[in-house]
Amino acid sequence: MAERYWLMKSEPHVYSIQDLERDGSAPWTGVRNYEARNTMRDEMRKGDLVLFYHSSTTPPGVAGIARVSREAYPDFTALDESHSYFDPKSNPEAPRWYMVDVEFVERFPRVVPLSELREVPELQGMVLLKRMRLSVQPVTTEEFQVVVELGRKEA
DNA sequence: GCCAACGTTGGC
DNA sequence: GCCAACGTTGGC
């Protein structure tokens with residue numbers, strides 16, 4: 001089966017595409033929303049491609065591409081009392097929160113701003129534009145291709 | 001820093 | 001199981 005496409009949000013001051021480029025791969029820690037968790041746990045497969053979105057920054061937008069390198073496993077930060085992502089309702093016997101690992105694929109020569117995505121007719125159906133707060137979300141093949149094409153254009 | 005959108009919690 | 005109150009996300 002062909003790989004699927006996703007979009008994942010991160011605040012760049014917490015973890016950016018530059019950080020992923022430096023690290024090579026990273027666990028996607030800290031997702032504490034059930035729908036986003038279910039997507040990671042039940043649907044994301046190794047090899048799927050991910051639009052890496054920078055949120056809570058100026059401008060917010062898509063910064064590059066990552067790839068799922070490890071399928072879902074328990075988010076250890078939820079089980080670590082000393083961690084700011086600790087969740088007392090999670091425990092090792094019944095982990096509440098899951099994550100995947102992603103690896104660096106490509107950093108666009110520019111961030112494609114959210115304001116620009118809103119203007120593109122082919123992208124009007126994007127979950128990103130309809131479900132502002134969902135941090136892990138599906139992207140169609142066409143949407144992925146259109147965004148990548150925009151990202152690879154020099155600013 | 002404000003605040004709209006919206007997901008989660010908890011009383012009933 | 002409803003829904004009001006609350007807390008968080010994230011654009012602006």
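Basis for what follows: all heavy atoms, side chains included, without hydrogens, waters or symmetry-related copies. Letters go in sequence order (proteins before strands), and every chain restarts at 1.
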Integer-rounded Å distance: [N] [atom2] and [X] [atom1]:
{"X": "Lys130(A)", "N": "dG7(B)", "atom1": "NZ", "atom2": "P", "value": "15 Å"}
{"X": "Leu129(A)", "N": "dA4(B)", "atom1": "CG", "atom2": "P", "value": "21 Å"}
{"X": "Arg131(A)", "N": "dA4(B)", "atom1": "CZ", "atom2": "C1'", "value": "16 Å"}
{"X": "Leu117(A)", "N": "dC12(C)", "atom1": "CG", "atom2": "C1'", "value": "16 Å"}

Inset, instruction - State, to 0.1 Å, how close His13(A) and Glu11(A) come at their nearest heavy-atom pair, and which atoms those are. - result: CE1-OE1, 2.8 Å
Inset, instruction - Could you check whether Arg32(A) gets within reach of a base, just the sugar-phosphate, or nothing at all, counting any heavy atom under 4.0 Å? - result: nothing
Inset, instruction - Could you tell me the separation between the NZ atom of Lys9(A) and the NE2 atom of His54(A), rounded to the nearest 0.5 Å? - result: 13.0 Å
Give every pair of a protein N or O atom and an N or O atom of nucleotides 8-10 of chain C that lie under 3.5 Å apart, one pair per line with the distance.
residue : atom : partner   : partner atom : Å
dT8(C)  : O2   : Arg133(A) : NH1          : 3.3
dT8(C)  : O2   : Arg133(A) : NH2          : 2.9
dG10(C) : OP1  : Lys9(A)   : NZ           : 3.2
dG10(C) : OP1  : Arg133(A) : O            : 3.2

Inset, instruction - Decide yes or no for Leu79(A) and Phe86(A): does some side-chain heavy atom of the first lie under 4.5 Å from some side-chain heavy atom of the second? - result: no
Legend entry - Student check: side-chain heavy atoms of Asp75(A) and Val31(A) closer than 4.5 Å: no
Inset, instruction - Mark yes or no for whether Asp101(A), through its side chain, and Ser25(A), through its backbone, hold a donor-acceptor pair below 3.5 Å. - result: no
Inset, instruction - With Trp28(A) as reference, evaluate Tyr98(A), Trp6(A), Phe52(A) under the ring-ring contact (aromatic ring centres under 6.0 Å, His included) test and give the passing residue. - result: Phe52(A)
